[in-house]
**Student:** 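Structure provided below as structure tokens; questions to follow.
Everything numeric in this text was worked out from a predicted model, so none of it was measured. Residue numbers start from 1 in every chain, and the chains themselves are labelled A, B, ... in the order their sequence lines are given, proteins ahead of strands.
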2 protein chains.
Amino acid sequence: MAITIKDVAQHAGVSVGTVSRVLAKNSTVNDAIRLKVEGVIEQLGYRPSSLGRNLRLNRTYLIGLLIPDITNPFFAELAKQVEMLASAEGYSVLLANTHDDPKAEQMQVEAMLSRLPFGLILVPVSDSAVNTIVAGTRTVTVDRPLQGHALVSVDNARGGYMAADHLLSLGHRNLGYISGPSSTEVSRARRSGFISGITEFRRQHSGMVVESRIVEGNFDYLSGETLGRTLLQSAPGTRPTAIATASDQQAIGLMRAAADLGIRVPEDLSIIGFDDIPLASLVFPRLTTIRQPIAEIARITLEAVLGRLSPQKEWMLEPVLIRRSSSAFAPPVT
Amino acid sequence: MAITIKDVAQHAGVSVGTVSRVLAKNSTVNDAIRLKVEGVIEQLGYRPSSLGRNLRLNRTYLIGLLIPDITNPFFAELAKQVEMLASAEGYSVLLANTHDDPKAEQMQVEAMLSRLPFGLILVPVSDSAVNTIVAGTRTVTVDRPLQGHALVSVDNARGGYMAADHLLSLGHRNLGYISGPSSTEVSRARRSGFISGITEFRRQHSGMVVESRIVEGNFDYLSGETLGRTLLQSAPGTRPTAIATASDQQAIGLMRAAADLGIRVPEDLSIIGFDDIPLASLVFPRLTTIRQPIAEIARITLEAVLGRLSPQKEWMLEPVLIRRSSSAFAPPVT
DNA sequence: CTGTTAGCGCATTCAT
DNA sequence: ATGAATGCGCTAACAG
């Protein structure tokens with residue numbers, strides 16, 4: 001059996017109350033006794049049990065982090081940032097994946113809640129779903145809204161708009177868009193922002209013809225490759241000269257498809273991604289993308305979940321266009 | 001205040017003992033009463049407190065997972081697999097990053113231990129260090145050994161050997177190797193395996209000249225790019241025709257460097273990585289690599305940490321050569 | 001089969 | 001300033 005506060009008290013010849021007070025740094029204890037107790041603690045290698053303490057205080061130092069998939073670089077980065085901040089504050093992070101499956105999400109939320117985390121950071125799978133279950137635990141959602149809970153997110157519609165604007169300003173008039181799953185609000189926002197960008201452009205340049213074609217899949221590499229192939233295999237002349245994607249992973253999959261088809265980037269095809277994952281600046285050519293301020297997202301999320309922010313219901317962060325080499329002026333019309 | 005077992009007992013008109021027995025499925029309770037109690041539990045939305053239960057049983061259902069960096073795709077995949085298996089067994093995963101820093105590792109281990117996890121999965125930063133601290137909690141290390149604890153790992157030396165063998169059998173006689181940090185056993189094993197491969201080849205083909213140059217850095221993309229540039233900028237004729245790396249991330253960084261220098265892969269340069277992360281098959285050209293059987297690693301690790309495996313001290317798994325497009329026959333000597 | 005009770009490790013209140 | 005006692009929510013041992 002591990003050594004308890006009682007053992008320490010006995011060895012130090014004091015009561016458990018005194019030991020407890022020594023542990024709580026702020027309490028007032030005679031210096032001689034404090035030293036004695038600290039000595040015994042050191043000597044015995046005593047480690048207060050979080051079980052007893054948490055039960056007594058009815059509070060844990062756990063933060064639940066529930067995301068679709070930790071192998072997604074965006075969520076990995078989020079997890080890393082959250083964990084760094086949390087551990088610096090004395091909290092530990094409980095990690096769970098939902099695999100974008102509402103049923104799994106439901107089970108994972110229940111499992112989390114049974115651990116009585118101090119707070120929950122949730123990237124909800126689909127809209128609605130859990131909702132009621134989360135009552136009683138302060139929950140902050142990231143990236144995707146959930147009725148009745150605080151949300152920290154980049155302005156996805158704005159990001160989509162910026163992507164369209166960037167491509168159009170480079171002279172592209174035949175655009176493709178690879179969307180994420182329509183079931184997610186984030187996909188819908190990015191896509192509708194993209195469409196708004198085109199609409200706005202048409203309005204300002206009345207009479208200007210802008211073609212666009214939208215396909216939809218998941219956020220992963222494979223979807224980017226598959227859907228990219230679909231877009232790129234249109235009849236020559238109708239093939240898009242620029243494609244925006246809802247994630248960098250899709251964009252990298254798309255680059256893969258372009259390479260396989262002998263389509264050069266950016267000479268024949270401009271590509272712009274979304275997220276700015278670390279890999280974006282390492283692929284060839286380096287990926288132009290819409291950056292999410294992820295460190296900022298993590299910081300606000302954690303502050304919110306720890307209850308340190310005014311109970312504002314939504315934080316909407318500005319995305320940033322990162323120009324690299326995968327986007328260029330449209331090729332001359334032949 | 002949340003609702004407790006006492007409330008349930010009161011509403012159901014039974015004792016807490018009975019409610020507890022209903023909760024413990026295996027115990028024997030009168031059917032009518034059981035139904036009644038279950039009804040009340042449902043109605044009140046009662047959720048047993050893991051705090052009380054854990055304190056009583058002196059046991060948690062937490063598995064600590066301590067890795068260098070969750071944004072490293074290899075560890076992300078490991079985390080995902082471990083989490084999937086753990087949650088299926090009713091365990092939750094505590095995640096922490098060490099950032100490859102011994103001091104941070106020490107602190108993180110202490111933080112984990114203070115949560116009293118049932119077991120600990122650790123990818124130790126450098127050799128030694130923690131050691132004593134982990135006493136009392138069943139700990140399994142992955143990838144890198146730690147004195148006195150079980151280890152689950154791929155046969156890194158064998159993998160390094162396979163990489164050398166693959167390149168040599170393609171006719172390459174001027175090899176480069178991008179190593180991970182010497183402070184880690186895994187780096188040393190892969191590198192010495194690679195060297196053994198060359199030595200062995202020389203022995204079998206007596207008189208054959210094989211040049212090799214080894215550089216060392218971290219496991220990440222950036223190191224691959226930087227060190228790759230170093231290797232590739234040797235005087236023409238002395239430049240390696242094939243380079244093996246200690247990680248896929250390095251290999252992808254290296255591809256980036258090659259592209260910047262106008263060196264074609266695999267025509268001018270063959271590349272072989274290590275790990276087989278998902279991205280490996282998506283880069284252009286698709287990356288030849290030494291695969292780690294990561295699902296298997298995760299499975300064995302979790303079984304071991306749950307104490308279901310005979311207390312074998314070491315599990316050494318076979319790596320697998322995955323041939324893709326980044327490696328090819330050596331260019332003819334000019 | 002069910003009720004009662006002790007006690008897991010700790011923080012805190014009440015005396016002193 | 002310190003000791004003694006209480007109870008957080010729960011399980012298990014003991015009675016009945």
**Student:** Would you kindly give the CG-to-P distance between A/Asn54 and D/dC10, to the nearest whole Å?
**Tutor:** 15 Å

**Student:** Please give, in whole Å, the distance from C/dG9 C1' to A/Asp7 CG?
**Tutor:** 11 Å

**Student:** Name the closest nucleotide to the A/Arg53 side chain, picking from D/dC10, C/dC10, C/dT2.
**Tutor:** C/dC10

**Student:** Could you pull out every donor-acceptor pair under 3.5 Å between side chains of residues 29-44 of chain A and any protein atom, sequence neighbours left out?
**Tutor:**
residue, atom, partner, partner atom, Å
A/Asn30, OD1, A/Ala32, N, 2.7
A/Asn30, OD1, A/Ile33, N, 3.3

**Student:** To the nearest Å, how far apart are B/Tyr61 OH and D/dC10 C1'?
**Tutor:** 13 Å

**Student:** Sequence neighbours excluded, which residues qualify as side-chain hydrogen bond (donor to acceptor under 3.5 Å, both in side chains) partners of B/Gln292?
**Tutor:** B/Asp275

**Student:** Mark yes or no for whether B/Thr71, through its side chain, and A/Ala76, through its backbone, hold a donor-acceptor pair below 3.5 Å.
**Tutor:** no

**Student:** Would you please name every residue forming a salt bridge (charged side-chain N to carboxylate O under 4.0 Å, His left out) with A/Arg59, sequence neighbours left out?
**Tutor:** none

**Student:** Within the structure shown, what part of the strands sits under 4.0 Å from A/Leu55 by heavy-atom distance: base, sugar-phosphate, or nothing?
**Tutor:** base

**Student:** In terms of the nearest nucleotide of DNA chain C, which residue is placed more toward the 5' end: A/Ser50 or B/Asn30?
**Tutor:** B/Asn30

**Student:** Calculate the interatomic distance between A/Ile5 atom CD1 and D/dT2 atom C1'; express it in whole Å.
**Tutor:** 14 Å

**Student:** If I take atom CD1 in residue A/Ile41 and atom C1' in nucleotide C/dC10, what distance separates them, rounded to the nearest angstrom?
**Tutor:** 13 Å

**Student:** Among all residues two or more places apart in sequence or in another chain, which pass the salt bridge (charged side-chain N to carboxylate O under 4.0 Å, His left out) test with A/Asp155?
**Tutor:** none

**Student:** Over how many whole Å does the gap from B/Leu57 atom CG to C/dA6 atom P extend?
**Tutor:** 19 Å

**Student:** Would you please name every residue forming a ring-ring contact (aromatic ring centres under 6.0 Å, His included) with A/Tyr91, sequence neighbours left out?
**Tutor:** A/Tyr61, A/Phe118

**Student:** What is the distance, to the nearest angstrom, from the CD1 atom on B/Ile3 to the P atom on D/dC8?
**Tutor:** 15 Å

**Student:** Counting only heavy atoms and a strict 4.0 angstrom limit, can you tell me which residues of residues 13-25 of chain B come near DNA chain D?
**Tutor:** B/Gly17, B/Ser20, B/Arg21

**Student:** Taking all atoms of both residues into account, what is the closest heavy-atom pair of B/Pro124 and B/Val142, and its distance?
**Tutor:** CD-O, 4.1 Å

**Student:** To the nearest Å, give me how far apart CG (A/Leu116) and C1' (D/dC8) are.
**Tutor:** 12 Å

